[in-house]
Number of protein chains: 2
Amino acid sequence: MTKNAPKRAWGTAIQNRDEQFEMKRQVVLRTAARTYSKRGFHETTLAEIAEELNISKPTLYYYFRSKDDILFECHRIAIEAITDDATPLPGPDEANGRERLEEFLKRYVRMVVDDFGTCLVMTGVSALEPENQGTVVEGRRRINDALVDILEDGRKDGTLQCDSPKVTAMFIFGAMNWLPQWYHSDGSLGVEEVTAQLIGFVMAGIETSGSLSPDS
Amino acid sequence: MTKNAPKRAWGTAIQNRDEQFEMKRQVVLRTAARTYSKRGFHETTLAEIAEELNISKPTLYYYFRSKDDILFECHRIAIEAITDDATPLPGPDEANGRERLEEFLKRYVRMVVDDFGTCLVMTGVSALEPENQGTVVEGRRRINDALVDILEDGRKDGTLQCDSPKVTAMFIFGAMNWLPQWYHSDGSLGVEEVTAQLIGFVMAGIETSGSLSPDS
DNA sequence: TGAATATTCGACTCATGAGTCGAATACGAG
DNA sequence: CTCGTATTCGACTCATGAGTCGAATATTCA
């Protein structure tokens, strides 16, 4: 129908122009994400990023439109990582609330511990230009809604217990979004362990009574 | 010993110069804290803050040394609010771990919901100049240690249960520090309610088994 | 090989916003 | 009232860092 397969010499090991272009873009993004996270968006200059890569500042502009554009891409990648993963989250008919919650947490932690996810939660949304801000906020909202849905479903099917899914979701996101502030993958604690502990913490808090009656 | 009491006309209702000076400083700080939190530190210009107060930019410099200085003061106030409160946190001999944890959470939430506390947790530490950064980080560390201590003591006296106080503390701080991101005191949910829910959530997660064994 | 195109960079421009200066004005004490 | 000091601000300076331009240089393909 369309073009026939590339069929190139040297197999796939040696990249062609387009692939190199894409690779370089990715490298810039990762470097930027890491630096933005570590030093803060505004504290990072494009000159620094360029220097770290041993290229010049104008070269960055060959691959991206602007500094904000780079940040936006980082956020977009992070959001996409959960929003439309190759393997979508199990639906209400495939697993119960508890199981779905656990799966969600696993994914979210994995995302948040990655360079782009870390960038997403560490550089606030306020650095982005207004138009992109909307997109990111929208993405975050979708993720938020997904968790709330899970909590509500879990309450219905009796596998989870919390009196306010919205508030509970916020607590959970808080705990998870704080992860990059203290967790460093090179430390003694592995991602698996942290995830397990977080899940344990959340599950324990959510399987028994989820609230105290306010005493005033 | 020293000077005799002021004994001024009009009582305390009308302020003298020094008091006015101090008041104006406070007003600037609050306004700045709110704006820094809402729009981000770097997105906020001193001109804006001045305009909001119907004063001029140079006037701000009559009260503060620099933009960072203002931010630093906000952080300092927030940290002081818990660190050395008039009524110090109960010690291990006055209350058990569980009770102390509850008290700690109440205070922390109260702090974090206030303008300065919100500013502390929303504007990262990276905006501050390096020297002040140290002070703030140190303050945060003290607060962190306080919670870890409580968790450890609670484990010893059997009123709390978590297998890693450090990690657990991080989860808790995460949940609390996220509060300003979604909680608005003018909404339908009161501070008391949120605090109660948070306490309930944390307590539930911490009184029963605090972890799952990692399955891989 | 050489023309066309993709990639890179040195050397700029330029807007922004923090911070300063010196002059004006308000205020309190004698 | 008048002097000295506290307070305020209009009109600057100035460093910084994002973003641009046009000229090299590299690469591909015929």
Side-chain angles (χ1 to χ4, degrees), chain A residues 3 6-10 14-29 31-32 35-36 39-74 123 126-132, chain B residues 3 6-10 14-29 31-32 35-36 39-74 123 126-132:
Chain A
K3 257 176 255 171
K7 234 191 230 178
R8 56 194 171 180
W10 297 105
I14 273 57
Q15 308 149 327
N16 62 25
R17 276 245 261 257
D18 288 355
E19 282 167 335
Q20 286 221 18
F21 184 88
E22 194 48 43
M23 285 294 276
K24 288 178 183 173
R25 252 181 84 92
Q26 292 301 324
V27 173
V28 170
L29 285 174
T31 307
T35 316
Y36 287 168
R39 316 212 321 120
F41 178 73
H42 289 285
E43 285 73 20
T44 304
T45 71
L46 290 189
E48 282 180 79
I49 294 178
E51 192 178 13
E52 184 148 358
L53 294 169
N54 294 314
I55 59 176
S56 70
K57 188 158 60 116
T59 298
L60 289 174
Y61 282 88
Y62 183 69
Y63 293 94
F64 296 93
R65 243 174 323 99
S66 70
K67 189 185 180 187
D68 307 69
D69 187 32
I70 297 178
L71 179 63
F72 177 56
E73 275 297 286
C74 293
T123 72
S126 51
L128 294 161
E129 40 211 339
E131 138 214 17
N132 291 340
Chain B
K3 259 177 252 173
K7 233 193 231 174
R8 56 193 171 179
W10 297 103
I14 272 57
Q15 307 150 327
N16 63 25
R17 279 246 259 256
D18 288 357
E19 282 167 335
Q20 287 222 14
F21 183 88
E22 194 47 43
M23 285 293 277
K24 288 177 182 174
R25 253 182 83 92
Q26 292 300 324
V27 172
V28 171
L29 285 175
T31 307
T35 317
Y36 286 168
R39 318 211 321 121
F41 178 73
H42 289 286
E43 285 73 20
T44 304
T45 71
L46 290 189
E48 282 179 79
I49 294 178
E51 193 179 10
E52 185 149 357
L53 293 169
N54 294 313
I55 61 176
S56 71
K57 186 157 62 117
T59 299
L60 289 174
Y61 282 88
Y62 183 69
Y63 293 94
F64 296 94
R65 247 178 319 99
S66 69
K67 187 185 179 184
D68 307 69
D69 188 32
I70 297 178
L71 179 63
F72 178 55
E73 276 297 286
C74 292
T123 71
S126 52
L128 293 161
E129 42 210 337
E131 135 215 20
N132 291 340

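Reminder, nothing fancy here: chain letters follow the sequence lines and each chain counts from 1.
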>> Please verify the inter-ring angle class for Tyr62(B) with Phe21(B); under 30° counts as parallel, over 60° as perpendicular, anything in between as tilted.
In response: perpendicular
>> Angle between ring planes, His42(B) versus His42(A), binned at 30° and 60°: parallel, tilted or perpendicular?
In response: tilted
> Roughly, in whole Å, what's the span from CG in Asn16(B) to P in dT5(D)?
Replying inline: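 In whole Å, dT5(D) P lies 18 Å from Asn16(B) CG.
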> For the pair made of CD in Gln20(A) and P in dT28(D), what is the distance, rounded to whole Å?
Replying inline: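 After rounding, the reported distance stands at 8 Å.
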>> With heavy atoms of chain B within less than 4.0 Å as the criterion, where does contact along DNA chain C begin and end?
In response: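 For DNA chain C, the relevant span reads dG17(C) to dG28(C).
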>> Between Pro58(A) and Ser56(B), which residue's closest nucleotide on DNA chain D lies nearer the 5′ terminus?
In response: Ser56(B)
>> Heavy atoms only, 4.0 Å cut-off, all strands: where does Phe64(A) land among base, sugar-phosphate and nothing?
In response: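 No contact.
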>> For Arg17(B) and Thr44(B), find the nucleotide of DNA chain C closest to each by heavy atoms; which residue's nucleotide sits nearer the 5' end?
In response: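 Per heavy-atom nearest nucleotide, the more 5' residue is Thr44(B).
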> Within 45° of the axis and under 6.0 Å from the centre of the six-membered ring of Phe72(A), does NZ or CZ of Lys67(A) qualify?
Replying inline: no
>> Salt bridge check, Arg25(B) against Glu73(B): does any charged N sit closer than 4.0 Å to a carboxylate O?
In response: yes
> Once you round to the nearest 0.5 Å, how far does NZ of Lys24(A) lie from CD of Glu19(A)?
Replying inline: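 Between atom NZ of Lys24(A) and atom CD of Glu19(A) there are 12.5 Å.
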> Can you tell me how far CG of Leu53(B) sits from OG1 of Thr59(B), rounded to the nearest 0.5 angstrom?
Replying inline: 10.0 Å
